[in-house]
Amino acid sequence: MTTHYINAFGTEAAEAPLKPLEIQRREVTPHDIQIEILYCGICHSDLHAVHNDWGGSVYPMVPGHEIVGRVTAVGEHVRNFKVGDLAGVGCIVDSCHECDYCKEGDEQFCENGNTIVFKKKKKKYGGMTYGGFSENIVVDENYALHIPDTLDLASAAPILCAGITVYSPFKHWKVGPGKNVGVIGIGGLGHIAIKIAKAMGAYVTVFTTSQSKADDAKRLRADAVVLSKDAAQMKNCPKQDMILDTVSAKHNINTYINLLKVDGSLVMVGLPAEPLEIGAGNVVHGRKSFTGSNIGGIRETQEVLNFCAAHHITADIELINVNQINEAFERLEKGDVKYRFVVDMASLKH
Ligand code: NAP
Ligand code: ZN
């Protein structure tokens, strides 16, 4: 397998800041496309992975899995992309194609183990995957997405992870008109969840720890907002059919299970490193479910991109340069971003 070196921005250890690195990308094979990366979002999962919050991180690591850019080369068998097209890459860059889940388009549940865009061993080619804080990426066209050209490119990038991660459970739990849907945490996932659930026709209540985000929630189109530290506001909150939990740190989920209707579901998408405790009585009374959801498949990722284009939905972003990534990580840790950092990857060249 021939490779070439490119510039990237990553880290060599959990405690070390990100810095310029050189990484190897494979040459374009017959089913691959090469994408010049224009913008890449910063997801809290990048931060968890860099800090080795979940264990198992391997270094050097180049994070970034909300990738958008322009196709600069295509392999001889590529059918769906041509040079000059806009294209995106999210979390998944390969899977087995053969298990029932892959055949259904649920590559996120691939029984033989999918390949994530960064920090994973490449089954087919060997070596590690490196993510979007880099000049370009080479990917099998079956794992690349078309970015509708009506969307602003930089603020569309977060749809590749934050967007699909909230859209997929909303579809699965049949969010729509007449449904009360709660969203916990107004971060990257949470703010886009509000917009998508509203576009699906639900009545959306948002729970936040931040007064300034509470003040902003109506602008984001939430129907109701609850300051979660305020016991009276929590007590008076109407019961929900489904609550999507996007919180990145340990928190008390029982208070939210108690806000569900009979048969309601608290759906975890946030990935705190520590286990969460559930009082058995809280799920027993009212036959409630505590469950979770993991990104979404490639077909559904294209669906959410098209849905967002149809409903004029993009993320509210703070556009930064590569040399601001370390500061952005520190601010993200504190929940201090409205609401997604996106890196202008052209700044890698300067
Ligand atoms: P984010 O932008 O940092 O948002 C997380 C929000 O959670 C914060 O803005 C804050 O909202 C709230 N929060 C943080 N710490 C809290 C605490 N101690 N108690 C209560 N609330 C707290 O992160 P993100 O990028 O949206 O990602 C959120 C989580 O989802 C991360 O754990 C990430 O790894 C995970 N994730 C999972 C998937 C998946 O497939 N399941 C995909 C992507 C990301 P307020 O300020 O409004 O309270
Ligand atoms: Zn993510």
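Note that ligands are numbered from 1 as they come in the structure, with each ligand's atoms numbered from 1 the same way.
Given atom 24 (P) of ligand 1, the protein heavy atom at minimum distance is His44 CB, 3.6 Å. Of the protein's heavy atoms, Val247 CG1, 3.5 Å lies nearest to atom 21 (N) of ligand 1. Annotation: atom 47 (O) of ligand 1 to nearest protein heavy atom, Thr208 OG1, 2.5 Å. Nearest protein neighbour of atom 37 (C) of ligand 1, counting heavy atoms only, is Val269 O, 2.8 Å. When hydrogens are left out, the protein atom nearest atom 9 (O) of ligand 1 is Lys213 NZ, 3.0 Å; that is the closest non-hydrogen contact. For atom 42 (C) of ligand 1, the nearest non-hydrogen atom of the protein is Thr165 OG1, 3.2 Å. Counting only heavy atoms of the protein, atom 40 (O) of ligand 1 lies nearest to Ile295 N, 2.7 Å. For atom 4 (O) of ligand 1, the closest heavy atom belonging to the protein is Gly187 CA, 3.3 Å.
Residue Leu189 holds the heavy atom nearest to atom 26 (O) of ligand 1 of all those in Thr209, Asp53, Leu189. The heavy atom nearest to atom 18 (N) of ligand 1, considering only Cys43, Ala249, Cys91, is found in Ala249.
Residue Tyr167 is tested with Glu303, Glu300, His172 for a side chain to side chain donor-acceptor pair (under 3.5 Å); the sole match is Glu303.
Note that CG of Asn254 is 9.5 Å distant from CG of Leu266, once rounded to the nearest 0.5 Å. For the atom pair NZ of Lys338 and CG of Asp336, the computed distance is 8.5 Å after rounding to the nearest 0.5 Å.
Residue Pro272 places no N or O, backbone or side chain, under 3.5 Å from any N or O of ligand 1. Taking distance alone, with nitrogen or oxygen atoms compared against 3.5 Å, Ser210 stays at or beyond that limit from ligand 1. Backbone and side-chain nitrogen or oxygen atoms of His251 are examined, and none is located within less than 3.5 angstrom of a nitrogen or oxygen of ligand 1. Among the atoms of Gly188, some N or O lies under 3.5 angstrom from an N or O of ligand 1. Close N/O approach between Ile186 and ligand 1 is found [any backbone or side-chain N/O within under 3.5 Å].
With a 4.0 Å heavy-atom cut-off, ligand 1 is reached by no atom of Met268. Under 4.0 Å from ligand 1, the heavy atoms of His48 that appear belong solely to its side chain.
For the salt bridge (charged side-chain N to carboxylate O under 4.0 Å, His left out) condition, the pairs that include at least one residue of residues 80-93, sequence neighbours left out, are Lys82-Asp85.
The contact set between ligand 1 and Ser45, taken as ligand atoms under 4.0 Å from a residue heavy atom, comprises 33 (C), 34 (O), 35 (C), 36 (N), 43 (C), 44 (C). Within ligand 1, counting atoms from 1 as listed, the ones closer than 4.0 Å to a heavy atom of Arg340 are 24 (P), 25 (O). Remark: ligand 1 atoms within the under-4.0 Å shell around heavy atoms of Thr246 are 5 (C), 28 (C), 29 (C). Each of the following atoms of ligand 1 lies closer than 4.0 Å to a heavy atom of Trp54: 34 (O). Taking a cut-off of under 4.0 Å to the non-hydrogen atoms of Gly270, the atoms of ligand 1 that pass are 29 (C), 30 (O), 32 (O), 35 (C). For ligand 1, the atoms sitting less than 4.0 Å from at least one non-hydrogen atom of Leu332 are 2 (O), 3 (O), numbered in the order shown with element in parentheses. Close approach of ligand 1 to Gly185 is summarised as follows: ligand atoms under 4.0 Å from at least one heavy atom of the residue are 11 (O), 47 (O). The distance from ligand 1 to the heavy atoms of Cys161 drops below 4.0 Å at these ligand atoms: 42 (C), 43 (C).
In this structure Phe81 satisfies the ring-ring contact (aromatic ring centres under 6.0 Å, His included) test together with His146, sequence neighbours excluded. In this structure Lys261 satisfies the side chain to side chain donor-acceptor pair (under 3.5 Å) test together with Asp241, sequence neighbours excluded.
The set of protein atoms (N, O or S) found at less than 2.8 Å from the Zn ion (ligand 2) reads Cys43 SG, His65 NE2, Cys161 SG, by chain and number.
At least one side-chain heavy atom of Leu18 sits under 4.5 Å from a side-chain heavy atom of Pro63.
Judged by distance alone, the side chains of Gln34 and Thr72 do bring a donor and an acceptor atom under 3.5 Å apart. Judged by distance alone, the side chains of Glu135 and Asn7 do bring a donor and an acceptor atom under 3.5 Å apart.
Note on ligand 1: Gly292 sits outside its first shell, no heavy atom being nearer than 4.0 Å.
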